[in-house]
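Let me begin by presenting the structure, written as structure tokens, before commenting on it.
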Amino acid sequence: QVQLVESGGGLVQPGGSLRLSCAASGFTLENYAIGWFRQAPGKEREGVGCISSSDITYYRDPVKGRFTISRDNAKNTVYLQMNSLKPEDTAVYYCSAKMYNDKYCPSAYRYWGQGTQVTVSS
């Protein structure tokens, strides 16, 4: 009954902000590394960033300085705060999880959510 559910997507103007949530059930998130990915139609899935089980975060260059990943263990939820959004951020955003007791994030993930649509347009 392991499940990840993303929410919080929607339409936002360039320069705006959006906060995505990734709620986990069937396991305790604090023991897992969580990755955020995104995919636009016709394009390859790309990594956004991740948070390790040690709460260290890593970001890919296109979102560095604009996106922030955080964890709320009490709610068993991970968040992706997106600021200064650009049209090129438009994509379906997915969260993923893998048990990985390390300071760093894994190279692959076991569990995936269904995704939530983010559209940045004026």
Side-chain angles (χ1 to χ4, degrees):
Q1 209 174 51
V2 172
Q3 190 174 24
L4 293 170
V5 179
E6 302 96 333
S7 62
L11 175 64
V12 64
Q13 294 185 10
S17 297
L18 211 57
R19 185 202 196 198
L20 306 184
S21 298
C22 175
S25 61
F27 63 97
T28 301
L29 266 184
E30 65 180 307
N31 302 127
Y32 285 71
I34 306 297
W36 283 97
F37 296 81
R38 64 187 184 184
Q39 187 171 22
K43 295 184 178 180
E44 297 287 336
R45 182 188 67 195
E46 65 175 2
V48 174
C50 64
I51 183 167
S52 74
S53 61
S54 299
D55 283 344
I56 299 173
T57 54
Y58 305 88
Y59 305 94
R60 305 298 293 270
D61 287 342
V63 308
K64 197 172 296 182
R66 299 188 296 120
F67 290 12
T68 303
I69 300 171
S70 61
R71 181 197 304 265
D72 187 337
N73 290 332
K75 296 181 179 179
N76 215 29
T77 299
V78 170
Y79 303 97
L80 177 63
Q81 178 68 46
M82 304 183 293
N83 299 325
S84 302
L85 283 162
K86 305 174 181 179
E88 52 262 44
D89 295 319
T90 296
V92 176
Y93 283 72
Y94 301 89
C95 66
S96 57
K98 183 179 182 179
M99 186 171 64
Y100 197 74
N101 188 22
D102 202 277
K103 295 181 180 180
Y104 311 108
C105 294
S107 58
Y109 294 85
R110 177 183 292 271
Y111 306 110
W112 293 81
Q114 84 292 339
T116 185
Q117 177 71 49
V118 173
T119 303
V120 185
S121 177
S122 59

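The first residue of the sequence shown is numbered 1, and numbering continues consecutively from there.
- Summarising the geometry of Gly35 relative to Cys50, their closest heavy-atom pair is CA-CB, 3.9 Å, with the distance given to 0.1 Å.
- Counting heavy atoms from C-beta on, the side chains of Pro14 and Pro87 come closer than 4.5 Å.
- Panel note: side chain Ser54, backbone Ile56; no donor-acceptor pair is recorded below 3.5 Å.
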Begin from the C-alpha positions of Leu4 and Gln114 and carry the test side chain to side chain contact (heavy atoms under 4.5 Å, CB included) through to its verdict.
CA-CA 8 Å; Leu4 293 170; Gln114 84 292 339; over 6 Å; no
Would you please test Asn76 and Phe27 for side chain to side chain contact (heavy atoms under 4.5 Å, CB included) and show each step?
CA-CA 9 Å; Asn76 215 29; Phe27 63 97; 5.7 Å; no
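- Residues Ile51 and Tyr58 form no side-chain contact, since every pair of their non-hydrogen atoms from C-beta on lies 4.5 Å or further apart.
- Hydrophobic clustering, with ILVMFWY side chains joined whenever heavy atoms are under 4.5 angstrom apart, keeps Val118 apart from Val92.
- The stretch residues 92-113 participates, sequence neighbours left out, in these side chain to side chain donor-acceptor pair (under 3.5 Å) pairs: Arg38-Tyr93.
- Hydrophobic cluster membership is shared by Val2 and Met99, with clusters built from Ile, Leu, Val, Met, Phe, Trp and Tyr side chains linked at under 4.5 angstrom.
- If you take CE on Met82 and OG1 on Thr68, they are separated by 11.0 Å, rounding to the nearest 0.5 Å.
- Tyr32 and Phe37 fall into different hydrophobic clusters, where Ile, Leu, Val, Met, Phe, Trp and Tyr are joined by side-chain heavy atoms under 4.5 Å apart, directly or via other members.
- Note that CG of Asp72 and CD of Glu30 are 11.0 Å apart. Values are rounded to the nearest 0.5 Å.
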Go through the steps for Tyr59 and Val48 under the test side chain to side chain contact (heavy atoms under 4.5 Å, CB included), then give the verdict.
CA-CA 6 Å; Tyr59 305 94; Val48 174; 5.6 Å; no
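- A side-chain N or O of Asn83 and one of Ser17 form a donor-acceptor pair less than 3.5 Å apart.
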Does the side chain to side chain contact (heavy atoms under 4.5 Å, CB included) test come out yes or no for Leu20 and Glu6, once each step is laid out?
CA-CA 7 Å; Leu20 306 184; Glu6 302 96 333; over 6 Å; no
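- At distances below 3.5 Å, at least one donor-acceptor pair connects side-chain atoms of Thr77 with backbone N or O atoms of Lys75.
- Checked by atom type and distance alone, the side chain of Arg71 pairs as donor or acceptor with a backbone atom of Leu29 at under 3.5 Å.
- Here the CD atom belonging to Glu46 is positioned 10.5 Å from the CD atom belonging to Glu44, to the nearest 0.5 angstrom.
- Rounded to the nearest 0.5 angstrom, Gln1 CD and Ser25 OG are separated by 6.5 Å.
- Taking a cutoff of 4.0 Å between a charged side-chain nitrogen and a carboxylate oxygen, Lys86 and Asp89 do not qualify as a salt bridge.
- Contact of the Val78 side chain with the Trp36 side chain is registered, since non-hydrogen atoms from C-beta on lie closer than 4.5 Å.
- Under a cutoff of 6.0 Å and an axis angle of 45°, Arg19 and Tyr79 form a cation-pi pair.
- When all heavy atoms are compared, the tightest approach of Ala40 to Ala91 is N-CB, 3.9 Å.
- The structure places CG of Leu80 at 12.5 Å from CD1 of Ile34, a figure rounded to the nearest 0.5 Å.
- With sequence neighbours left out, Arg60 forms a salt bridge (Lys or Arg N to Asp or Glu O under 4.0 Å) with no residue at all.
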